[in-house]
Amino acid sequence: MHTELFIVSSDFVYPVDQSRKYEAGYKLTYRDRMTDYTTETYVYNQQVFRDTGSYSNKFNYLESVLAGYVTFTDKIGVFNYKLGVRAEQTNARGEVETTGQKLKHQYTDLFPTGNIAYKVNPMTQVVLSVSRRITRPQMAEINPFLKVYS
């Protein structure tokens, strides 16, 4: 298994006054992953190990995600709130070298977020938060190769 990961990010905060501020930023994530599953059986009459059942697999996967976000924070009376949105552009491609099978995905997603907080006392606050999240799949879920267990 081989993995390369490269991340670049930057954040900016602009305080307007005591309670209001704007935040913005971006993040670039680049992943280059390769998995090499090898299953071999010893062939006695030839005295060598061979992949006799085509159970081996070599899978290359490249993924880049460019994300940008903007948020606004303010206070109204006893309530603090924060509203924002994040946009992500994802480009992914993979290839099973063993079979020549290829995959390519390119998509853009929006992730809104918002929360409101009420300060009950100096030590306690109640927060209601709403956001959209994404869970990226693991390598075993991306690789289209069928694993056979006997």
Side-chain angles (χ1 to χ4, degrees), residues 1-40 51-150:
M1 179 139 170
H2 162 79
T3 301
E4 290 182 12
L5 176 65
F6 178 74
I7 298 174
V8 176
S9 66
S10 180
D11 298 295
F12 173 76
V13 179
Y14 177 71
V16 177
D17 56 31
Q18 202 67 331
S19 65
R20 292 184 296 164
K21 70 178 173 180
Y22 292 95
E23 298 176 64
Y26 74 90
K27 182 177 184 178
L28 169 66
T29 305
Y30 176 81
R31 291 180 187 88
D32 181 357
R33 299 183 277 188
M34 188 276 294
T35 56
D36 191 357
Y37 300 106
T38 304
T39 304
E40 295 180 334
D51 180 8
T52 57
S54 298
Y55 299 129
S56 295
N57 169 259
K58 188 172 185 181
F59 182 63
N60 295 309
Y61 186 72
L62 297 170
E63 177 184 66
S64 65
V65 180
L66 178 60
Y69 76 92
V70 63
T71 64
F72 175 71
T73 305
D74 198 359
K75 182 178 181 179
I76 299 175
V78 295
F79 294 98
N80 292 320
Y81 69 92
K82 185 174 191 175
L83 301 172
V85 66
R86 185 177 82 247
E88 288 189 0
Q89 171 66 42
T90 302
N91 294 301
R93 64 180 199 267
E95 179 181 3
V96 181
E97 285 187 19
T98 318
T99 64
Q101 185 177 2
K102 295 181 180 183
L103 62 95
K104 185 176 181 180
H105 298 287
Q106 184 175 9
Y107 53 92
T108 302
D109 279 317
L110 289 176
F111 300 91
T113 185
N115 65 49
I116 187 164
Y118 171 69
K119 197 169 206 172
V120 178
N121 60 48
M123 298 295 290
T124 307
Q125 75 176 2
V126 177
V127 179
L128 173 64
S129 181
V130 177
S131 63
R132 181 171 177 244
R133 302 276 182 206
I134 189 169
T135 302
R136 299 202 182 274
Q138 298 178 359
M139 256 320 246
E141 297 168 323
I142 297 170
N143 189 342
F145 184 71
L146 177 65
K147 293 179 188 173
V148 178
Y149 300 99
S150 55

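Index from 1, following the sequence.
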Checklist outcome for this item: Residues passing the salt bridge (charged side-chain N to carboxylate O under 4.0 Å, His left out) test with Glu97, sequence neighbours excluded, are Lys58
Checklist outcome for this item: When every non-hydrogen atom of Tyr61 is compared with those of Ala92, the smallest separation belongs to OH-CB, 3.2 Å
Checklist entry - When rounded to the nearest 0.5 angstrom, what is the spacing between CG in Leu62 and CZ in Arg33? => result 10.0 Å
Item to check | Partner set under ring-ring contact (aromatic ring centres under 6.0 Å, His included) for Tyr81, not counting sequence neighbours | outcome: none
Checklist entry - Out of curiosity, Tyr107 OH to Asn91 CG, how far, rounded to the nearest 0.5 Å? => result 9.5 Å
Next on the checklist: Minimum heavy-atom separation for Leu83 and Gly114, please, with both atom names.
Outcome noted: CD2-CA, 4.2 Å
Next on the checklist: Using 0.5 Å steps for rounding, measure from the OG1 atom of Thr35 to the CG atom of Asn60.
Outcome noted: 8.0 Å
Checklist entry - Which pair of non-hydrogen atoms, one from Ser19 and one from Asp74, has the smallest distance, and what is that distance? => result OG-OD1, 3.3 Å
Item to check | Contacts of Asp109 that satisfy salt bridge (charged side-chain N to carboxylate O under 4.0 Å, His left out) - sequence neighbours left out | outcome: Arg132
Next on the checklist: Nearest 0.5 angstrom please: Asn115 CG to Thr71 OG1, how far?
Outcome noted: 9.5 Å
Item to check | Those residues that, when tested against Pro122, pass side chain to side chain contact (heavy atoms under 4.5 Å, CB included) (two or more places apart) | outcome: none
Checklist entry - Does anything in residues 82-94 pair up under salt bridge (charged side-chain N to carboxylate O under 4.0 Å, His left out), and if so which pairs, sequence neighbours excluded? => result Glu23-Lys82, Arg86-Glu88, Glu88-Arg136
Next on the checklist: List the residues meeting salt bridge (charged side-chain N to carboxylate O under 4.0 Å, His left out) with Lys119, not counting sequence neighbours, and say none if there are none.
Outcome noted: none
Checklist entry - Could you give the distance from CG (Asp32) to CD (Glu63), rounded to the nearest 0.5 Å? => result 11.0 Å
List the atom pairs, with distances to 0.1 Å, where a side-chain N or O of residues 5-16 and a protein N or O form a donor-acceptor pair under 3.5 Å, not counting sequence neighbours.
| from | atom 1 | to | atom 2 | distance (Å) |
| --- | --- | --- | --- | --- |
| Asp11 | OD1 | Tyr69 | OH | 2.7 |

For residues 123-131, dump all side-chain donor-acceptor pairs below 3.5 Å to protein atoms at least two apart in sequence or in another chain.
| from | atom 1 | to | atom 2 | distance (Å) |
| --- | --- | --- | --- | --- |
| Thr124 | OG1 | Asn121 | OD1 | 3.3 |

Next on the checklist: Determine whether Asn57 and Val96 satisfy the following criterion, side chain to side chain contact (heavy atoms under 4.5 Å, CB included), listing intermediate values before the conclusion.
Outcome noted: CA-CA 7 Å; Asn57 169 259; Val96 181; 3.1 Å; yes
Checklist entry - Partners of Glu95 by salt bridge (charged side-chain N to carboxylate O under 4.0 Å, His left out), sequence neighbours excluded? => result none
Next on the checklist: For Tyr118, give me all partners under ring-ring contact (aromatic ring centres under 6.0 Å, His included), at least two apart in sequence or on another chain.
Outcome noted: Phe79
Checklist entry - By side chain to side chain contact (heavy atoms under 4.5 Å, CB included), which residues pair with Gln18, not counting sequence neighbours? => result none
Item to check | Shortest non-hydrogen contact between Tyr30 and Ser64, atoms and distance | outcome: CD1-CB, 4.1 Å
Checklist entry - With sequence neighbours left out, what residues match Phe72 under ring-ring contact (aromatic ring centres under 6.0 Å, His included)? => result Tyr22
Checklist entry - Distance from Lys75 atom NZ to Asn80 atom CG, nearest 0.5 Å? => result 5.5 Å
